[in-house]
Amino acid sequence: MTPVTSPPHGHAAAAGANGAPGADGLDPEAVSAFQAAFDTAVAADERIEPRDWMPDAYRSTLVRQIAQHAHSEIIGMQPEANWIARAPSLRRKAILMAKVQDEAGHGLYLYGAAETLGTSREELLDKLHAGRQKYSSIFNYPTLTWADVGAIGWLVDGAAITNQVPLCRCSYGPYARAMVRICKEESFHQRQGYELLLALTRGTEAQRAMAQDAVDRWWWPSLMMFGPPDDESAHSAQSMAWKIKRHSNDELRQRFVDICVPQAEALGLTLPDPDLRWNEERGHWDFGAIDWREFREVLKGNGPCNEQRLEQRRRAHENGAWVREAAAAHAAKQSARASQDGASRTARSEP
Amino acid sequence: MSTDWPLWEVFVRSRRGLSHTHAGSLHAPDAQMALRNARDLFTRRSEGVSLWVVPSSEITASSPDEKDPFFEPAADKAYRHPTFYEVPEGVRNL
């Protein structure tokens, strides 16, 4: 993307007057001084804030990552919202609505963080709708049964938490702060999913089978959420040097597997991997090979629900246009009326 | 031309006795909607007892590149801190 040197809106106590100095129009000596200050701050584990100078590539990496993250949150509302009207009890329905509402909130925190880097909400949504920015592939799988809501909470949100907790210490301040809020809220998501599955496994044989089937379908895609293996991950090394990322994909994936195995046991469910076994020497669970071909296919747009998810997002955006326009018109009218009233009051008070 | 609603900064007082603290930002067409959106976005779990919303464009901020000269006057005035002063041993309540 084009390096933007000044946020379009004065953003977050961050902004106000002028934007941060960019590479444009600065002599090389000044740039290298800025670069040195940036490097020192990152090395000292200080946070980079919106109006600080930052390398253009750091800015564009963050925009790409935060945008993808934000898009994932709002696209992620769809597979679960699919079950709100069919939740089996009022309790489950209220929980699911609260969760889906949280996902919207998480999207908004993240769009806000991305906007501090000089992009706009409109630009981000346009790019999502045009398929030019991605969202997590996991949401291109369908939610076929009620148990899928549980499997998503336990596994998908569980994987997300494993990924996200280290992001709370990300070098970019607004992203790190958004992640702190998100992580606080995510643990309810994971627990409600686990509890939902537990209820099913303690139910009838058909309910237990439904829970097992959901886990069988969501396990591998959840492992893929950590991204390609370290030696194939395009952005990993640089992101770790910038302290955007703190741990490698494979490291986080292993951490997640280790966490899940005993949790699956407690549910009385099996994880669909014949190669899963404890490795005494490593002190970790060994697990089978991931089908990266499937991952790449879904990423390319050939997953079961890619088209449907984007189509629904576009439709929701278009159908909401009149609301956005009406609210803007109302605001314009109110402020015109207020300034008119102000003017006539001033006129009256004059002798 | 951007059709985004204006940006607002949100400040939340988490409980009585504490100051409002910056929580984040959001888009809204007017102040009333900004308040309602802020309630839904930042206080879904009773995180606040009071909210402020301020148009982001109304905030004037010090600029990071003048950080040193701008804050420099405070740097060499160690005598503003109590630790600057010598207190004889045994003297209490000072």
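What's counted below: heavy atoms across the whole structure, side chains too, no hydrogens, waters or symmetry copies. A, B, ... follow the sequence lines: proteins, then strands. Residue 1 opens every chain.
Neither the backbone nor the side chain of A:Gln334 comes within less than 4.5 Å of any heavy atom of chain B. Proximity to chain B involves both the backbone and the side chain of A:Arg324, based on heavy atoms less than 4.5 angstrom apart. Using a 4.5 Å cut-off between heavy atoms, B:Gln32 does not touch chain A at all.
The existence of a salt bridge linking A:Asp126 and A:Arg121 is excluded, since no basic side-chain nitrogen approaches an acidic carboxylate oxygen closer than 4.0 Å. A salt bridge is absent between A:Arg314 and A:Glu318: the closest approach of a Lys/Arg side-chain nitrogen to an acidic carboxylate oxygen does not fall below 4.0 angstrom.
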Check your understanding: After noting the C-alpha distance and the side-chain angles of A:Arg92 and A:Glu195, does the key distance pass the salt bridge (Lys or Arg N to Asp or Glu O under 4.0 Å) rule?
Key -> CA-CA 10 Å; A:Arg92 294 287 173 196; A:Glu195 191 207 62; 3.0 Å; yes
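Aromatic ring orientation, B:Phe42 versus A:Tyr109: parallel (interplanar angle below 30°, classes split at 30° and 60°).
For the set A:Glu185, A:Gln101, A:His330, A:Arg177, the count of heavy-atom pairs under 4.5 angstrom toward chain B peaks at A:Glu185.
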